[in-house]
Every structure is written in C-alpha cells, then in structure tokens.
Amino acid sequence: MSHPPTILIVGGGPAGLSAAAAAAEVGASVMLCEEQPTPGGQLIYRAQPVDTGSGGGAERPEILAKRLVEAALSAGAVLKPGVLVAGRYGDGEILLVGPGRTWTVTPDAVILATGSTDLPFPFPGATSPGVFSCRAVKILLNQWRVLPGRRFAIVGAGADAEDLAVDILLGGGEVVWSGIAPPPLFQTWGRDGVETLSIGPSHFEVDVIAIAVGRQADFALAAMSGAKLGFAPELGGWIPIADDRMQCPEQAIFVAGDAAGIGSVAVAMAEGRLTGLAAAASLGLTGAHVLDEAREAGGAELVWRGDVRRGLEPSHVQPFT
Amino acid sequence: MIGVNMGENRQTGTREPGVTFACRCEEVRNEEIAAAVLAGSRSIDDVKRRTRAGMGACQGIFCMPTIAAIVAQATGTPIGRLAPMTARPPVRPIPIERLAEMDDGGRETGWR
Amino acid sequence: MVEDDQTTAHGAGRITEHALLAPLQTAAIESFFFDGVEVEGRVGEPIAAALLAAGQRIFRTMPEYGDPRGGYCMVGRCSDCLVVVNGVPGVRACMSPVTGGLHVQTQYGLGEFHGDEPDWLQG
C-alpha cells in the first residue's frame, strides 16, 4: 500500500502554518504539531495590526491566525494543537506527547518552525515575582486580558519593546520607564514582588518589569537532528545553517521562521511557504521552478536572510546524535 | 520565606542588592559561572556540568546566552566560536507516566 | 479600561475593553481555591492568568534559596509558575486551565506528591 510522502511540521505559528498549506497543496501528507493549545504562534498574543508583506496593508493578528489555520486545513494538512514534539532520536524517530496520547512517528521530512524564545536579562532581583519576559506580558494583556500590575518598566529598545509599550497602553497600563541600562546599575527591590526599580541613582515605583531585549531561535530540535549551527548576531544568535532550499545539509531537516533566524511575521510566512514547497520538492512532489518563484515572491528580507546564512561559518555540530 | 532575590533580607530586614542568577531554573549565580571558568571550564557544556546551569526545566533556553557571554569574556573567545549547549530529548520535562502510556505509533495513517 | 472593583496592592486586574482586540468570548466564571482562598477565574484561562488578575504574585518558592517566584515566560518553559494542583506538584500554572473547584496551592521547593498514584505504578 503506497501513501503520500509524509512531512511533520513542528510549530504552528506563521511559518509552520504557511509551510503546512504549501506542502499539503502539492500533495504531501502533512501533520503539524503545536505545543500550545491554540495554533497561531506569536499572532495569538499580538494586539496591533501585522504587516504580512503582501503589499495589502496590515492585518489584525487574530484574523491572520484564523486565515492561516484555515488555509492549512483546507489544503489537507492535519493540525494537532496541544501536541509537543519532545525529541528526535537516532534514526529519525520523533517523540510526540499530546493530551491523552504519547507516540512516535518517522516522517519522510521534518520542518522545524519552532519559533523563538525571549533573551534573558539577568540583574539583581530579576527572578522576583513581577518580572516577566516580553511575550509573557503580551500573553497576559492580549491573550487573557489580564493586567499583572499598572506601572510597567520595559528593558530593551527594539521593535519588540516598542510594540509592547503600545500594548501596555492599550491595556490600560502605564509605562513608567523604558530603555536600556546595564546591570548591576539596574536593580529591583520589593517584599513579595517588584516594588521599586533602581537605575543608578534614580528610583521608580513599578509593579511589572518586562524584559524585551530580543529573541533567539529555538534550535534544540535542529541540534538534536545533527544540523550545523552558526552564530549570526543579526538573526538573534545561533541558528541552524540552512541552504538555499531551507534544508540543513545531510539531514532531512528544514527550518523556517524565527527558528531559522529572528525576523518579521511577513518573512516567517514567506519562508514557511518556501520551506513547505522545498520539503515537498525533496520528496519529488514539485520542482525547482516553483521554489524559485516562491523565493522571488518572498521579498527582500527573505533574500537577505539567505545571504547571512551563506556567509556563516558552521561553528558546531552536536556530537552523539 | 527566605529570599535572596528581593533586595530586602526578610530575616534581617536590611536592604541589600538581590542576587543575579545566570540560571533561574537551578538557581546558579553569575559568580558561580565565573568560578567554573576559573576552575578550568572552557565550554558552555563544561560550565553546565560543573554548576548545573542549563540542566533545569528550561534546558538552557533562559541561561545559555548569559553563560555564553561570561565564558566568552572570561576566556577571550569570540562568542560565536563557542559551541552552544548540547540539546538532548526531551525538550521539556515530561512525567514518566506519559512515556509509560506510549503506543504503537501512527502506522495506520501511513506515518511510520 | 480595567475593572475598578478589583483593587490589589499593585494594581492588577482584568481588562474589560480594548481599542483593538475583539472581546473575549464570554467564558463562564468559576471559582477555584488558592491556598484555601477562593479565587475567581474564567473557565479555560490558565491558572496563572487568574491568579495574577486576582493580585496573587507568588506561585512557588525555590528549593535552594527559598526565593519566591511568580511566573516569567508564560509559555510553559521556565518553571517559575509551578503550583500544586489537587495534591500534585510540578503543575505549570501557565499551561493548565482553570476548572471549577480546583485546589491550587503554593509549591514550596519541589513540593510533595499527595495525589492519586497512577494505575500502572501499583504492583
């Protein structure tokens, strides 16, 4: 009995969902596993409109998430929210842990769209209750409509920090301080949680401190799969080194989105689409011209990311995979 | 509750700077990372073995960049030349109960 | 806009109106217990969200130094939000949904297991 080639997609954010739709459209048997109970990745906890890069203006994140989910489903992909891809073992066997079921699969190809994690910012008192990562504050404000306090300080000075500042204001909070300061000049004090923030000689009364100093790729599964890693500061740090077909050499592992280097939602979608097609092409389901079209349609950020990857020295391959 | 991270010593009532943890899961202080390098660690993995930093629930997600920065600075190695922390399954803590439930797999759908 | 009847020492509460986001689908309000005290939660939201909205910032203490923790990542990775639920420690409050009548407690250190043993462990 023959069956279509199987592609496992790890992560149901903009990249993973786009990859699922693209691969399923050309005939792959696609299963997408998303650790969280609701697919959508960062779209689930963003409030402000998101540029999708299609030239049509910005879309509301909740609408975009629904659209991407529907596209994947109607293309025939199977979506499994609440299922964690827990590890990859020697012969390509992959452990899945879901509510009520634990099992393994050995797909013909794997796309890692595992996204990113927030970078830490250690300082005296950083583990106090009331100190959260940037995306944690967004999850509380935007996904659950909870204010963990009224007066916020934001550490960081990039797009994430700016976006968060607006989210806080939209949620009814106040941004008391935001910027960058080097620890240990940056300290927090309080009895049961954050109360005072000291920056050098200045003191601020705050309830919440949000750490928004950037994101880094979640590359654990890629490393386990034997992908070579390289250090690219402009893409958030260590990333799996993928070739022009978004494939990590010598492995049937593909990467897309933040997991392949920190970037925008628009490029995550474009890269996801390219990677879905590339994985399908590697299994004979489509051809190189389709990949070229997808790459051209992906825009300048997609091209730039490929340039950065091509210039990377593979610094490391994990032993004993 | 005893606390070292709050800036106020709950036992003595005095105000002192809280501790800076490099690894929040295993409560490993920045000083311990530096001490590991002084004791001979030259890699992130070796620091992990000496201090337990990176062995906790997050498996290094929230501490590896800090460890990398300290090792890079203390050894004079460019951070990009350090090998990142070795990653092993499972990526998150899983109750053994879940593994005991493991079934035969998705053969019925063509997924081997 | 924030509900004003919820006064906590540090201004926590629930957001009732939002200029951009569509209202949350109305979820039933259920009470659960935290350290014996009744807490209001929306069914399906994570325990962590309900506790933080109610002004509860400390979820656990740490085994080595005893420091209080109260959630950090909210995506199930960091272990700062571990609580004891119905006698079982090590439960991620940020990944576990509120259901009515849950008994949630502060986890001190690694906690102690007072739940039901799974079938396969018995003999």
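Just so it is clear, the structure is predicted and the values come from calculations on it, not from any experiment. Naming: A, B, ... by sequence-line order, numbering from 1 per chain.
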Peer 1: Under 4.5 Å heavy-atom distance to chain B, tell me which part of E35(A) shows up: side chain, backbone, both or neither.
Peer 2: side chain
Peer 1: Could you give the distance from CD1 (I209(A)) to OG (S128(A)), rounded to the nearest 0.5 Å?
Peer 2: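 So the CD1 of I209(A) and the OG of S128(A) are separated by 7.5 Å.
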Peer 1: In terms of heavy-atom pairs under 4.5 Å, which option from G80(B), A22(B), P78(B), P84(B) contacts chain A the most?
Peer 2: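 Top count of heavy-atom pairs under 4.5 Å with chain A: P84(B).
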Peer 1: What part of P5(A) lies closer than 4.5 angstrom to a heavy atom of chain B: side chain, backbone, both or neither?
Peer 2: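 Neither; nothing under 4.5 Å.
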Peer 1: Would you tell me whether D218(A) and S116(A) have side-chain atoms, one donor and one acceptor, within less than 3.5 Å of each other?
Peer 2: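 Per modelled atom types, D218(A) and S116(A) side chains form no pair under 3.5 Å.
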Peer 1: Under 4.0 Å between a Lys/Arg side-chain N and an Asp/Glu carboxylate O for R135(A) and D118(A)?
Peer 2: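 Salt bridge between R135(A) and D118(A), a charged N being under 4.0 Å from a carboxylate O: yes.
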Peer 1: If the threshold is 4.0 Å, N to carboxylate O, is there a salt bridge linking E205(A) and R151(A)?
Peer 2: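 Yes.
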Peer 1: Contact part of I7(A) toward chain B, heavy-atom cut-off under 4.5 Å: side chain, backbone, both or neither?
Peer 2: backbone
Peer 1: Just how far is it from atom CG of D160(A) to atom CG of L119(A), taken to the nearest 0.5 Å?
Peer 2: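 So the gap between those two atoms works out to 9.5 Å.
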Peer 1: Residue by residue, which of residues 46-69 of chain B have a heavy atom closer than 4.5 Å to a heavy atom belonging to chain A?
Peer 2: I61(B), F62(B), M64(B), P65(B), T66(B), A68(B)
Peer 1: Do T188(A) side-chain atoms and T196(A) backbone N/O form a donor-acceptor pair below 3.5 Å?
Peer 2: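 Yes; judged by distance alone, with no hydrogens or angles, the pair exists.
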Peer 1: Given heavy-atom pairs under 4.5 angstrom as the criterion, report whether the side chain, backbone, both or neither of E195(A) touches chain B.
Peer 2: neither
Peer 1: If you count heavy-atom pairs under 4.5 Å with chain B, which of F121(A), F123(A), W238(A) comes out on top?
Peer 2: W238(A)
Peer 1: Rounded to the nearest 0.5 Å, how far does CG of L197(A) lie from NE2 of H203(A)?
Peer 2: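 H203(A) atom NE2 to L197(A) atom CG measures 10.0 Å (nearest 0.5 Å).
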Peer 1: Examine whether an atom of L312(A) lies under 4.5 Å from a heavy atom of chain B, and if so say whether it belongs to the side chain, the backbone or both; otherwise answer neither.
Peer 2: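 For L312(A), neither part sits under 4.5 Å from chain B.
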Peer 1: Roughly how far apart are T75(B) OG1 and L38(B) CG, rounded to 0.5 Å?
Peer 2: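 The OG1 atom of T75(B) sits 11.5 Å away from the CG atom of L38(B).
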Peer 1: Would a distance-only check, ignoring hydrogens and angles, find a side-chain to backbone donor-acceptor pair under 3.5 Å from T102(A) to R98(B)?
Peer 2: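 Checked: pair present.
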Peer 1: V85(A) versus chain B, heavy atoms under 4.5 Å apart: side chain, backbone, both or neither?
Peer 2: backbone
Peer 1: Run I180(A) and V213(A) through side-chain contact (heavy atoms from CB on, under 4.5 Å) and show every step you take.
Peer 2: CA-CA 8 Å; I180(A) 321 175; V213(A) 296; over 6 Å; no
Peer 1: With a sphere of 6.0 Å drawn around CZ of R42(B), does it hold more than 12 non-hydrogen atoms of other residues, nucleotides or ligands?
Peer 2: yes
Peer 1: When only heavy atoms count and the cut-off is under 4.5 Å, which of residues 23-33 of chain B reach chain A?
Peer 2: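 Only R24(B) of residues 23-33 of chain B have a heavy atom under 4.5 Å from chain A.
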Peer 1: Please tell me whether E93(A) and T106(A) have a donor and an acceptor in their side chains that are separated by less than 3.5 angstrom.
Peer 2: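 No, no side-chain donor-acceptor pair sits under 3.5 Å.
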Peer 1: Is the backbone of G12(A) close enough, under 3.5 Å, to the side chain of E34(A) for a donor and an acceptor to pair up by distance?
Peer 2: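 Present.
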Peer 1: So which of G237(A), G98(A), G87(A) has the largest heavy-atom pair count under 4.5 angstrom toward chain B?
Peer 2: G98(A)
Peer 1: Using 0.5 Å steps for rounding, measure from the CG atom of L283(A) to the CG atom of D108(A).
Peer 2: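 So the CG of L283(A) and the CG of D108(A) are separated by 5.5 Å.
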